[in-house]
Amino acid sequence: MHLHRFGISAVALLVGLSAAPYARALAGQQGPPPPGYGWDAPPQELNEFQRQGFHDGIEGARRDMDNHREPNVENRDEFRNPHVPQGMRHAYREGFRRGYQTAMSHLMGGQGPGPQFQQPVQQASPGYGWDAPPQELNEFQRRGFHDGIEGARRDVDNHREPNVENRDEYRHPDVPPGMWQAYQEGFRRGYQTGMSHLMGGQGSQFQQPVPPPPPPQWDAIPNEFNDIQRRGFHDGMEGARRDMDNHREPNVENRDEYRHPQLAPELREAYREGFRRGYDRAMAHMTNQPFRY
């Protein structure tokens, strides 16, 4: 009897020892994949906000598939209005678009409704790819270039007239006022590049550089002005109009609001600078004299 019990225990021990490696291997297979593996792993070169966008883009694609929606990243509210700091929206959207396209390509088995879902999305290295921004562009020009390409895609998708001036994000850039010119320059170049590529080089307006935009309106406030300078500019124009209406000598020094602005001392210099520019601009316009923008 004792020998029989010993034999059963020995067999059980041997079975347990032989099954342990298999159990450990199975447990290892069921755990999370190592970082950098899996079709839904964000590319290692992405920064924090790009990775956040990449993850949210994958989730957005899954929801569109589950709800049988048209696979269009532009229809995702979290892509159009990301809840991230203002300066990080560009990076977030870039990651979101890549995650969305990666997920659609995977979920649809490479049979998506357009070429963007038939091949993995790759980030263009500097100097490579038709949509890669030129290396000489600065940060705000590159941001404008990317947004210009996106604007061209939207106009083509919605059968709109290919005119960069019709893009609201070009006319009213979401960047600091002092960076408008750089952003718009990059946007225009990106829009031209996008239209030329998407239309197969058709249309003479996309085969030749687009002429520079017309000068701003005579009463347009300079983009680089801050709030106090803009206020002074507006008041300076009003002061010039009053002097003209009352047939006074056109001299900004005679305006009391220029000499004694009702502002904190540290803000007066900026206000006067804007006031003088506004006054001179209005006087030049009303007397048909040339002026600087």
Side-chain angles (χ1 to χ4, degrees), residues 26-125 128-133 142-143 145-160 162 167-169 174 187 190-191 193-200:
L26 183 60
Q29 290 175 358
Q30 292 175 346
Y37 292 89
W39 67 268
D40 56 353
Q44 295 181 357
E45 71 270 14
L46 300 189
N47 63 32
E48 178 184 354
F49 285 94
Q50 290 171 320
R51 291 170 70 88
Q52 179 183 342
F54 187 91
H55 174 269
D56 292 350
I58 286 178
E59 291 304 309
R62 286 188 173 121
R63 291 171 190 159
D64 283 352
M65 285 290 290
D66 291 343
N67 292 284
H68 309 288
R69 296 192 187 111
E70 176 190 3
N72 186 346
V73 70
E74 304 289 343
N75 292 337
R76 297 301 310 176
D77 185 68
E78 61 270 41
F79 175 79
R80 298 194 307 270
N81 305 297
H83 295 295
V84 296
Q86 192 77 17
M88 296 297 106
R89 291 185 176 182
H90 173 73
Y92 176 89
R93 287 194 182 107
E94 180 182 356
F96 192 102
R97 181 180 291 279
R98 293 183 65 180
Y100 189 93
Q101 294 178 342
T102 297
M104 278 296 176
S105 178
H106 176 82
L107 297 171
M108 301 179 73
Q111 301 299 320
Q116 67 270 34
F117 301 117
Q118 294 175 4
Q119 295 188 10
V121 179
Q122 297 180 352
Q123 184 179 29
S125 303
Y128 294 92
W130 67 268
D131 57 352
R142 292 170 69 88
R143 178 173 172 182
F145 186 92
H146 175 271
D147 292 351
I149 287 179
E150 292 304 307
R153 284 191 175 116
R154 292 170 190 163
D155 283 352
V156 170
D157 291 343
N158 292 284
H159 309 288
R160 296 192 187 111
R167 297 301 310 176
D168 186 67
E169 62 271 40
D174 188 16
F187 191 102
Y191 190 90
T193 300
M195 278 295 176
S196 179
H197 176 83
L198 296 169
M199 299 181 69

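The first residue of the sequence shown is numbered 1, and numbering continues consecutively from there. On a predicted model such as this, the values are computed, not experimentally measured, just so you know.
- Here the side chain of Tyr100 pairs a donor or acceptor atom with the backbone of Asn72 at under 3.5 angstrom.
- Not a single donor-acceptor pair under 3.5 Å links the side chain of Asn67 to the backbone N or O of Arg69.
- Look at Asp155 and Arg167 and you find a salt bridge, because one of the NZ, NE, NH1 or NH2 atoms lies within 4.0 Å of a carboxylate O, short of that distance.
- Thr102 contributes atom OG1, which lies 6.0 Å from atom CD1 of Ile58 (distance to the nearest 0.5 angstrom).
- If you check the side chains of Asp56 and Tyr92, you find a donor sitting under 3.5 Å from an acceptor.
- A salt bridge links Asp77 to Arg80: one of the charged nitrogens lies within less than 4.0 Å of a carboxylate oxygen.
- The CD atom of Gln52 sits 10.5 Å away from the CZ atom of Phe96 when rounded to the nearest 0.5 Å.
- Checked for salt-bridge contact, Arg51 and Glu48 miss the test: no charged N lies under 4.0 Å from a carboxylate O.
- Of the inter-residue distances, the one linking Asp157 atom CG with Leu198 atom CG reads 8.0 Å to the nearest 0.5 angstrom.
- Side-chain contact between Phe54 and Leu46 is present, with at least one heavy-atom pair separated by less than 4.5 Å.
- Distance alone, capped at 3.5 Å, places no donor-acceptor pair between the Gln101 side chain and the Arg98 backbone.
- Residues Phe49 and Pro85 approach most closely at CE2-CD, 3.7 Å, considering heavy atoms.
- Taking the side chain as every heavy atom from C-beta outward, Arg89 and Val84 approach each other to under 4.5 Å.
- Two residues are said to be in side-chain contact when any heavy atoms from C-beta on lie closer than 4.5 Å; Asp64 and Met104 meet this criterion.
- Residues Glu59 and Arg62 are in side-chain contact: their nearest non-hydrogen atoms beyond the backbone lie under 4.5 Å apart.
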Next item on the list: Could you please spell out the steps behind the side chain to side chain contact (heavy atoms under 4.5 Å, CB included) verdict for Arg76 and Arg63?
Entry: CA-CA 10 Å; Arg76 297 301 310 176; Arg63 291 171 190 159; 3.8 Å; yes

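- Side-chain contact between Arg97 and Glu74 is present, with at least one heavy-atom pair separated by less than 4.5 Å.
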Next item on the list: Show the numbers, then the answer: is there a side chain to side chain contact (heavy atoms under 4.5 Å, CB included) between His146 and His90?
Entry: CA-CA 9 Å; His146 175 271; His90 173 73; 3.1 Å; yes

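- Of the charged side-chain nitrogens involved, none lies within less than 4.0 Å of a carboxylate oxygen, so that Arg143 and Glu94 do not count as a salt-bridged pair.
- The CZ atom of Arg93 lies 7.0 Å from the CG atom of Asn81; values are rounded to the nearest 0.5 Å.
- Among all heavy-atom pairs drawn from Met195 and Pro162, the shortest one is CE-CB, 3.6 Å.
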